[in-house]
Amino acid sequence: MKDSTSAYREYDVSVPRLVACLLLIACTSLSLWSCSADETRTANELTVAGTAGPGTYGERHWQSFRDRVQDGSNRLNVRLLVFGELGSEEQQLSALRRGRVQIANISAVGASTSVPELSVLYAPFLFDSEAEADFVYDRYLTEFFRGLFADHGLVFITWYETGFHHLYSTRPLRAPGDVKGLRLRVSASPAIRGFATALGADVIPLGFGDIVPSLQTGLIDAGEAAISVYARTGLSSQAPHLTLTAHAYGVSVVVANLNWWRSLHEDEQSLLMNAYPSIEQTRRTIRQETRDTLTGAVHTGIQLHALDAAERVVWREATRISHERLLADIGGRASEVYVLIEEAKGEFKRLGRPGESESGPPI
């Protein structure tokens, strides 16, 4: 029989072991619980990236999106980083693809690094009116690009249109010949580069943030942008001449990370797919902003140079040569997109939809 001392020694040894075992079990359980909590928290976080301007319709649309999501779900916590807090569009797209951002609003030019066929949408003078563009996007392009985005790990939610692009410059530009030799800033879009090259411009690739300083120093003489962008970002003060060429119809896309999307409940996917304002709403707001800018141009120092139908045909014919080269440069399914657009435009005309002659020149 063991004495009390030996029993105490045995108890003394076993208790720490027992405590250690219990602590190990508790820590393991706590660790598992913490991991589960982290995963749930990560799944519930919805970070949105974009480059909207403060006080613009773009900001209001995202605020509306946030309110609708949080009113409709107690699991999703929306964090808006839509003023460019995450850097350039390239950086935002990288964050989206890596799952650090769940939803982003990226221009078609920026998103074309993942889906190259988007560059076709900027082919010079592809559309003649807003009505024609609406018809083609809504009836043909939305579902086609939904599939393309899915192939690249992204969920297409909606288009966000910025309107027709026009030429801004430090001196008047009335005819294609006026652009020859002009130092013209271009974006990363191969379509815009092709447009500038076809006009004989001295093509100057620059990031958006470098445009105003380059206009001030004379590094560039001109560029191209949608009216809403041109008027609110300081471009108009440095390049007051705006030639209404309407040579490209600007769009961006609202897209989500596909892997994250698949982790959501079906009702959450449906909520997110419908929480952003409808394409009809966003079109109305951007077009109203554009018209307001044109109406107030004389008071802001912008000098408008409108083109009549005949003049616009001259610009179109001068740059149409770039289309074939553009499709070859993009590759992939670019030619398929182009043919689809041409077929849609043909149907638009056969149905007697309002074109440029009835709805006025594109702006």
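Heavy atoms only, all atoms of each residue included: A111 and L93 are closest at CA-CD2, 4.3 Å. Contact detail for E268 and S73: the closest heavy-atom pair is OE2-OG, 3.9 Å. Heavy atoms only, all atoms of each residue included: I286 and T162 are closest at CG1-O, 3.8 Å. Residues G87 and Q92 approach most closely at O-NE2, 2.9 Å, considering heavy atoms. Residues P116 and I330 approach most closely at O-CG2, 3.4 Å, considering heavy atoms. Q238 and V212 make their closest contact through CG-CG1, 4.0 Å (heavy atoms, listed as atom of the first residue, atom of the second, distance).
A donor-acceptor contact shorter than 3.5 Å links the side chain of N257 to the backbone of L96. S112 places a side-chain N or O within 3.5 Å of a backbone atom of V109 that can act as its donor or acceptor partner. A distance-only check finds a donor-acceptor pair linking the side chain of E85 to the backbone of V82 [under 3.5 Å]. Between the side chain of S236 and the backbone N or O of R232 there is no donor-acceptor pair closer than 3.5 Å. The backbone N or O of P172 lies less than 3.5 Å from no partner atom in the side chain of S169, so there is not a single donor-acceptor pair. A side-chain donor-acceptor contact under 3.5 Å links S322 to the backbone of T319. Not a single donor-acceptor pair under 3.5 Å links the side chain of E132 to the backbone N or O of K345. With S94 contributing its side chain and E90 its backbone, the two residues share no donor-acceptor pair below 3.5 Å. The main-chain N or O of V186 is never found under 3.5 Å from a side-chain atom of E224 such that the two would form a donor-acceptor pair. Of the possible donor and acceptor atoms, none in the side chain of H247 sits under 3.5 Å from a partner among the backbone N and O of F195.
R60 CZ: more than 12 foreign heavy atoms inside a 6.0 Å radius. Residue I321 qualifies as open at atom CD1: its count of foreign heavy atoms under 6.0 Å is 12 or below. The number of heavy-atom neighbours closer than 6.0 Å to CD of Q269, taken from other residues, nucleotides and ligands shown, is above 12. R79 CZ: 12 or fewer foreign heavy atoms inside a 6.0 Å radius.
Counted by atom type alone, E161 and Y249 present one or more donor-acceptor pairs between their side chains at under 3.5 Å. With hydrogens and angles left out, the side-chain atoms of D292 and Q288 include a donor and acceptor closer than 3.5 Å. Side-chain contact, T142 with W159: a donor N or O sits under 3.5 Å from an acceptor N or O. No side-chain donor from either of Y276 and H61 sits under 3.5 Å from a side-chain acceptor of the other.
Residues N105 and F65 are not in side-chain contact: their nearest non-hydrogen atoms beyond the backbone lie 4.5 Å or more apart. Residues R320 and P124 have side chains not in contact (no heavy-atom distance under 4.5 Å, counting atoms from C-beta outward). Using a 4.5 Å cut-off on side-chain heavy atoms (C-beta onward), W62 and V254 make contact. Side-chain contact between I103 and I157: present, with at least one pair of heavy atoms (C-beta onward) separated by less than 4.5 Å. In this structure, the side chains of N274 and S270 come closer than 4.5 Å at one or more pairs of heavy atoms. A 4.5 Å side-chain heavy-atom check between N77 and L46 finds every atom pair outside the cut-off. Looking at V337 and Y140, their side chains never come closer than 4.5 Å, going by heavy atoms from C-beta outward. Considering only heavy atoms from C-beta on, F164 stays 4.5 Å or farther from L244 through its side chain.
Salt bridge present: R291 and E130 bring a charged side-chain N and a carboxylate O closer than 4.0 Å. Of the charged side-chain nitrogens involved, none lies within less than 4.0 Å of a carboxylate oxygen, so that R66 and D71 do not count as a salt-bridged pair. Comment: D128 engages R312 in a salt bridge, judged by a side-chain N to carboxylate O separation of less than 4.0 angstrom. Ion pairing of E143 with R146 is present here, as a side-chain N (NZ or NE/NH1/NH2) and a carboxylate O approach within less than 4.0 Å.
Interatomic distance, L294 CG to I227 CD1, rounded to the nearest 0.5 Å: 4.0 Å. Taken from CD1 in I279 to CZ in R284, the straight-line distance is 11.0 Å, to the nearest 0.5 Å. We find the CZ-CD1 distance between R185 and I220 to be 7.5 Å, quoted to the nearest 0.5 Å. For the atom pair OG (S107) and OH (Y160), the distance works out to 13.0 Å, reported to the nearest 0.5 Å. Taken from CZ in R193 to OH in Y122, the straight-line distance is 14.0 Å, to the nearest 0.5 Å. Here CD of Q102 is found 9.5 Å from CG of L76. Values are rounded to the nearest 0.5 Å.
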Criterion salt bridge (charged side-chain N to carboxylate O under 4.0 Å, His left out) on R287 and D134, from CA distance to verdict: CA-CA 12 Å; R287 291 171 189 178; D134 293 350; 2.6 Å; yes
Side chain to side chain contact (heavy atoms under 4.5 Å, CB included) between F144 and E336, intermediate numbers included: CA-CA 10 Å; F144 185 91; E336 187 178 347; 3.4 Å; yes
Verdict with reasoning, F83 to E59, per side chain to side chain contact (heavy atoms under 4.5 Å, CB included): CA-CA 8 Å; F83 297 146; E59 179 187 10; 3.4 Å; yes
Derivation and outcome, side chain to side chain contact (heavy atoms under 4.5 Å, CB included), residues F135 and K349: CA-CA 10 Å; F135 181 87; K349 292 176 182 176; over 6 Å; no
Worked verdict on L184 versus I204 for side chain to side chain contact (heavy atoms under 4.5 Å, CB included): CA-CA 6 Å; L184 197 153; I204 310 292; over 6 Å; no
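Considering D202, V203, L173 in turn, L173 is the only one that fulfils the side chain to side chain contact (heavy atoms under 4.5 Å, CB included) rule with L182.
Transitive grouping of hydrophobic side chains (ILVMFWY, heavy atoms separated by less than 4.5 Å) brings L126 and L141 into a common cluster. Under the 4.5 Å side-chain heavy-atom criterion for Ile, Leu, Val, Met, Phe, Trp and Tyr, L351 and V136 are members of the same hydrophobic cluster. V313 is not connected to L199 by any chain of hydrophobic side-chain contacts under 4.5 Å among Ile, Leu, Val, Met, Phe, Trp and Tyr, and they are in different clusters. Linking Ile, Leu, Val, Met, Phe, Trp and Tyr whenever their side-chain heavy atoms come within less than 4.5 Å puts M273 and W260 in one cluster. Hydrophobic clustering of Ile, Leu, Val, Met, Phe, Trp and Tyr side chains at less than 4.5 Å, counting indirect connections, unites V155 with V69.
Aromatic rings of H166 and Y230 (six-membered ring for Trp) have centroids beyond the 6.0 Å cut-off, not under it. Taking the six-membered ring for Trp and the full ring otherwise, the centers of F145 and F156 sit at least 6.0 Å from each other.
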